[in-house]
There are 2 protein chains.
Amino acid sequence: MVSEIRNNKHCQCPVEATLEVIGGKWKPIILWQLRTEKLRFSGLQQSMQGISPKMLTKQLRELEEDGLILREVYPEIPPKVEYSLTEFGMTVLPVLEALCKWGVKYLGRECVLDKQ
Amino acid sequence: MVSEIRNNKHCQCPVEATLEVIGGKWKPIILWQLRTEKLRFSGLQQSMQGISPKMLTKQLRELEEDGLILREVYPEIPPKVEYSLTEFGMTVLPVLEALCKWGVKYLGRECVLDKQ
DNA sequence: CAGGATCCGGACCGATACTG
DNA sequence: CAGTATCGGTCCGGATCCTG
């Protein structure tokens, strides 16, 4: 199923595959929020300024399909759903940190250029 | 200029900024191709199965704006243009390798799942 | 050779309203 | 509370044709 999606998008290349998984607009933030704690849907929504429920749902489902996060539903009224990183999901954190580190360098460099 | 683009896309976050820079569909491949050698437009086009000239141009211009690659025009007829990595562009290679490494893990895991 | 111009479908993504 | 449904705008990216 997941591989079908991948194949549709011609993702033989590991780099592209990774970008498909974590490259979604909100996915890095979601993963980062879940790094230290389980969060509920509303918790995530609040911690991410202004994301629409539709988008949040979509990104969460994709991350779940890709095995990075776990979705736990508690059969209660009102409903309660908790999201957390899987073990595999945690393996992506160093990648995010690498991206972040380079991003800092890039943004800093950009400012220098702007001042010239 | 670059920062305006960035700001339009709300890129305060270093991770997102990085993804904007290298997240383009063909950009990782371009950067990877230029890792070891200068290449001409046609050379790049051949090494990347089926990219249209429009897209290649666009991605190259963006990478140039972001300071990752250098565009050298030789005033000849017929025209000759060579693309190469800048020093700054080389600093992104380890990031690509991190993405690649995790991608291999992800794709391998995916195959395992598919066989079950 | 290295692209620019144009057209177009579809994906991405936001806003809003509604529901079990 | 945790979503779904619907609408609509923007942009990505491919195909095709054209040019200095």
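Everything numeric in this text was worked out from a predicted model, so none of it was measured.
Distance A:Q59 CD to C:dC12 P: 9 Å, rounded to the nearest Å. Between the CD1 atom of A:I69 and the P atom of D:dA2 there is a distance of 14 Å, given to the nearest Å. With rounding to whole Å, A:W26 atom CH2 is found 13 Å from C:dC12 atom C1'. Rounded to whole Å, the distance from CD1 on B:I51 to P on D:dT16 is 16 Å. A:Q46 places its CD atom 14 Å from the P atom of D:dG3, with the value rounded to the nearest Å. To the nearest angstrom, C1' of D:dG13 lies 14 Å from CD of A:E20. Atom CE of B:M55 and atom C1' of D:dC12 are 7 Å apart (whole Å). Separating the CD1 atom of A:I77 from the P atom of C:dT19 is a distance of 17 Å, rounded to the nearest angstrom.
Here the NZ-CG distance, from A:K27 to A:L19, works out to 11.0 Å after rounding to the nearest 0.5 Å.
A salt bridge does not link B:R71 to B:E82: none of the charged nitrogens lies less than 4.0 Å from a carboxylate oxygen. A salt bridge links A:K38 to A:E72: one of the charged nitrogens lies within less than 4.0 Å of a carboxylate oxygen.
Using modelled atom types, no side-chain atom of A:T18 and backbone atom of B:W102 make a donor-acceptor pair closer than 3.5 Å. Side chain of B:R109 to main chain of B:Y106: no donor-acceptor pair is present (N/O by atom type, distance under 3.5 Å, no hydrogens or angles). B:T86 places no side-chain N or O within 3.5 Å of a backbone atom of B:L70 that could act as its donor or acceptor partner.
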Using a cut-off of under 3.5 Å, enumerate the N/O to N/O pairs linking the protein to nucleotides 2-7 of chain C.
| residue | atom | partner | partner atom | Å |
| --- | --- | --- | --- | --- |
| C:dA2 | OP1 | B:R40 | NE | 2.8 |
| C:dA2 | OP1 | B:R40 | NH2 | 3.1 |
| C:dA2 | OP2 | B:S42 | N | 3.0 |
| C:dA2 | OP2 | B:S42 | OG | 2.8 |
| C:dG3 | OP1 | B:R61 | NH2 | 2.8 |
| C:dG3 | OP1 | B:R71 | NH2 | 2.4 |
| C:dG3 | OP2 | B:Y83 | OH | 2.5 |
| C:dG4 | OP2 | B:R61 | NH1 | 2.9 |

